[in-house]
Chemist: 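Mind having a look at this structure? Questions to follow.
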Number of protein chains: 2
Amino acid sequence: MKLKPADIARESLADRVRQVLIDRIFDGSYPPNTRLIEMQIARELNISQTPVREALRALEAARLVETQPYRGTRVRRISDSERREACQVRAVLEELAARLGAARLREHLRELRVEADAALAAARQNDVVRYLHHNVRFHGMIVEAADNAVLRRTWESLGFSVGARVRAARTTGDMIAVAKEHRQIIDALARGDGKAAARLLRRHVEVIVGSASEAEPRTSNHARRWAGEPGEGDAIVRSAVR
Amino acid sequence: MKLKPADIARESLADRVRQVLIDRIFDGSYPPNTRLIEMQIARELNISQTPVREALRALEAARLVETQPYRGTRVRRISDSERREACQVRAVLEELAARLGAARLREHLRELRVEADAALAAARQNDVVRYLHHNVRFHGMIVEAADNAVLRRTWESLGFSVGARVRAARTTGDMIAVAKEHRQIIDALARGDGKAAARLLRRHVEVIVGSASEAEPRTSNHARRWAGEPGEGDAIVRSAVR
DNA sequence: TTGTAATCGATTATCGATAACCGATTGTCG
DNA sequence: CGACAATCGGTTATCGATAATCGATTACAA
């Protein structure tokens, strides 16, 4: 069995473009609301419009950008209220993960502690990026332990809404306090109390954004939605059961 | 202000193709594992490859199909274990929804009862399609009431995995029993006990698939995943926080 | 026989060009 | 002056054609 020159599969052009665009969105080269013009990007990367368009569509599915027909694509801005919403969802997902994965996690307490300690250390140095890195790993390990692929994907799909709070500057104190909660969660797991761990974890995640910026009036849109007929949302699969 | 001939926005070609493909997948014209060939579909619909390809990519994002580079796209088969996983996730999402929306739901008890009754009636007639229709509406109203867009989208993203259990023929007895639980949930809401409603709802959803087919050995994949480095999953946004 | 290399038809991925469309601007007329 | 129509540059949506890759088949050799 012989492998091709590049050993493992080269990525498609569209995939590479997608990664480039994601990087630029996250590192701030493309701030929120930036218009992304297919041909401009294509010219810059010396490729045709097609793979760029495909990449943009993928980003749209991931909700990093928003497209309006014939009006182009812009980088989506994550509002504080959306961050709060996402954290509420993430909280119950991780609660479920802890419940499902509690038994398995008892055999990985060491790894959990490593990440928790690293996150705390980073917090003390006010190194937000490193803190987030280890924080994500800590939470990711728990989600992974649940051994539920749907849960994992769902959790990851919130990554942007939640993770983009890089900019939501957190105070060092907050970070440290939150980081310390990891210990309690690990302790609960260590003594086999999955229920408690799950509850602690939910609280832990719920609070993350709630504590931060509490401004922004938050206008409800429930009334409007209720008025319109049900399947009105933007679900791709709207004809599911009819 | 004058409107264009077709009044409201015509859909793009790609959108229409997408809807056609979704319909065909759901009505069984394209059973699981069917290979979807871009040019074939394009020729059939008298359009070019491009919008078909775009539609397929959208379906991939919705996880209705699976694509391998240079190897084409196939309709995805939903396993029973995946259905179970999705129900676990859906359960905690709806639990959250009931908690968040409990207050608001008290003003919509009538609508809830309408759907619950209709679902029960359909169950008694063993009319699965109609049962599912009202069932989805009932649960959808609750999710809607939470007034959390992220939650709603996340819930909808499970729609396929969960809703596709149309084929997972449920016995009449099951349907009736489950349909009756709706009443208890409504009652809890009526007396203002959101906590109880949320708990009942979670149980209600958790059980849905668990009761059905209990076969299939369920091989864990946690060990393998744990071994590999973290960002190994298929998250689109893998460089989120790095 | 069996394993490997060359070939071929089918399909996906990408390209370059064109049609459809948007938004702003300009021009026209009341 | 103000509403509206025509026009224009720029962008998206779609097209038809080509390059790259796959899977199977055949050809060949140990």
Side-chain angles (χ1 to χ4, degrees), chain A residues 1-21 24-25 30 33-76 234 236, chain B residues 1-21 24-25 30 33-76 234 236:
Chain A
M1 192 223 284
K2 202 170 59 182
L3 293 184
K4 285 281 186 155
D7 207 333
I8 302 295
R10 302 140 309 173
E11 285 174 311
S12 77
L13 260 185
D15 283 345
R16 273 184 292 175
V17 175
R18 197 189 60 192
Q19 202 51 43
V20 167
L21 296 182
R24 290 186 182 178
I25 290 174
Y30 291 154
N33 217 38
T34 304
R35 172 103 181 258
L36 301 181
I37 294 168
E38 299 175 0
M39 278 307 297
Q40 265 180 25
I41 298 168
R43 272 193 297 272
E44 182 200 333
L45 304 179
N46 276 84
I47 58 179
S48 83
Q49 187 191 357
T50 313
V52 175
R53 185 180 175 79
E54 199 172 311
L56 286 178
R57 265 26 221 275
L59 295 204
E60 189 182 20
R63 299 188 53 72
L64 270 91
V65 303
E66 228 162 11
T67 300
Q68 292 193 296
Y70 284 109
R71 294 190 192 186
T73 301
R74 288 174 181 277
V75 177
R76 210 163 71 85
D234 52 358
I236 287 198
Chain B
M1 193 223 283
K2 202 171 56 180
L3 294 185
K4 285 281 185 158
D7 207 332
I8 303 295
R10 302 139 310 174
E11 287 173 310
S12 78
L13 259 185
D15 283 344
R16 274 184 292 175
V17 174
R18 197 188 58 192
Q19 202 51 43
V20 167
L21 296 182
R24 290 184 181 181
I25 290 174
Y30 291 155
N33 216 40
T34 304
R35 171 99 182 260
L36 301 181
I37 294 169
E38 299 175 359
M39 278 307 296
Q40 265 181 24
I41 298 169
R43 273 193 297 270
E44 182 200 334
L45 303 178
N46 277 83
I47 59 179
S48 82
Q49 186 191 358
T50 314
V52 176
R53 184 180 175 80
E54 199 173 313
L56 286 178
R57 267 23 220 276
L59 294 204
E60 189 182 19
R63 298 187 55 71
L64 275 113
V65 303
E66 228 162 10
T67 300
Q68 291 192 296
Y70 284 108
R71 293 188 191 186
T73 301
R74 288 174 181 278
V75 177
R76 210 164 72 85
D234 53 358
I236 288 198

Chemist: Is any side-chain heavy atom of Leu21(A) closer than 4.5 Å to one of Ile41(A)?
Modeler: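 Yes. Closest side-chain heavy atoms under 4.5 Å.
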Chemist: Is it true that Arg57(B) and Glu54(B) make a salt bridge, defined as a side-chain N closer than 4.0 Å to a carboxylate O?
Modeler: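 Not counted as a salt bridge, because no side-chain N and carboxylate O are separated by less than 4.0 Å.
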Chemist: Does Val17(A) reach the side chain of Leu45(A), with side-chain heavy atoms less than 4.5 Å apart?
Modeler: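 Yes - at least one pair of side-chain heavy atoms lies under 4.5 Å apart.
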Chemist: For Ser12(A), what residues pass the side-chain contact (heavy atoms from CB on, under 4.5 Å) criterion, not counting sequence neighbours?
Modeler: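 For Ser12(A) the side-chain contact (heavy atoms from CB on, under 4.5 Å) partners, ignoring immediate neighbours, are Ala14(A), Asp15(A).
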Chemist: Roughly how many Å is it from CD1 in Ile47(B) to C1' in dT18(C), rounded to a whole number?
Modeler: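 Distance, rounded to whole Å: 17 Å.
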Chemist: Measure from CZ on Arg57(B) to P on dA13(D) and round the result to the nearest Å.
Modeler: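 One finds 17 Å between P of dA13(D) and CZ of Arg57(B), rounded.
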Chemist: Tell me: CD of Gln40(A) to C1' of dG9(D), nearest whole Å?
Modeler: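 Computing the Gln40(A):CD to dG9(D):C1' distance gives 14 Å.
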Chemist: What's the closest nucleotide to the Pro69(A) side chain, out of dA13(D), dT12(D), dC15(D)?
Modeler: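 The answer is dA13(D), which lies nearest to the side chain.
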Chemist: Roughly, in whole Å, what's the span from CD in Glu38(B) to P in dC22(D)?
Modeler: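 About 15 Å, once rounded to whole Å.
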Chemist: Measure the distance from CZ on Arg18(B) to P on dT14(D) and round it to the nearest whole Å.
Modeler: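 Value for this atom pair: 12 Å.
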Chemist: Please report the distance, rounded to the nearest Å, between CD in Gln68(A) and P in dA13(D).
Modeler: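 Those two atoms, CD and P, are 11 Å apart.
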Chemist: Which nucleotide in the set dG23(C), dA20(C), dC15(C) lies at the smallest distance from any side-chain heavy atom of Arg71(A)?
Modeler: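 Closest of the options to the side chain of Arg71(A): dG23(C).
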Chemist: Tell me the interatomic distance from Glu11(A), atom CD, to dT21(D), atom C1', rounded to whole angstroms.
Modeler: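 The answer, rounded to whole Å, is 17 Å.
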Chemist: Choose from dC22(C), dA13(C), dT14(D) the nucleotide whose nearest atom is closest to any side-chain atom of Tyr70(A).
Modeler: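 Among the listed nucleotides, the one closest to the side chain of Tyr70(A) is dC22(C).
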Chemist: To the nearest 0.5 Å, what is the distance between CG on Leu59(B) and OG1 on Thr73(B)?
Modeler: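 Interatomic distance, Leu59(B) CG to Thr73(B) OG1, rounded to 0.5 Å: 9.0 Å.
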Chemist: Any idea which of dT14(C), dA13(D), dT12(C) is nearest the Met39(B) side chain?
Modeler: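 From the listed options, dT12(C) comes nearest.
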Chemist: Going by an N to O cut-off under 4.0 Å, is there a salt bridge joining Glu11(B) and Arg16(B)?
Modeler: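 Arg16(B) and Glu11(B): not salt-bridged.
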Chemist: May I ask you to list the residues of residues 48-56 of chain B, by number, that have any heavy atom positioned under 4.0 Å from an atom of DNA chain C?
Modeler: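 Per residue number, the list reads Gln49(B), Arg53(B).
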Chemist: Using whole Å, what does the distance between atom P of nucleotide dA20(D) and atom CG of Leu13(A) come to?
Modeler: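 Computing the Leu13(A):CG to dA20(D):P distance gives 11 Å.
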Chemist: Could you tell me which residues satisfy side chain to side chain donor-acceptor pair (under 3.5 Å) with Arg24(A), sequence neighbours excluded, listed by chain and number?
Modeler: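 In terms of side chain to side chain donor-acceptor pair (under 3.5 Å), with neighbours along the sequence ignored, Arg24(A) is linked to Tyr30(A), Glu44(A).
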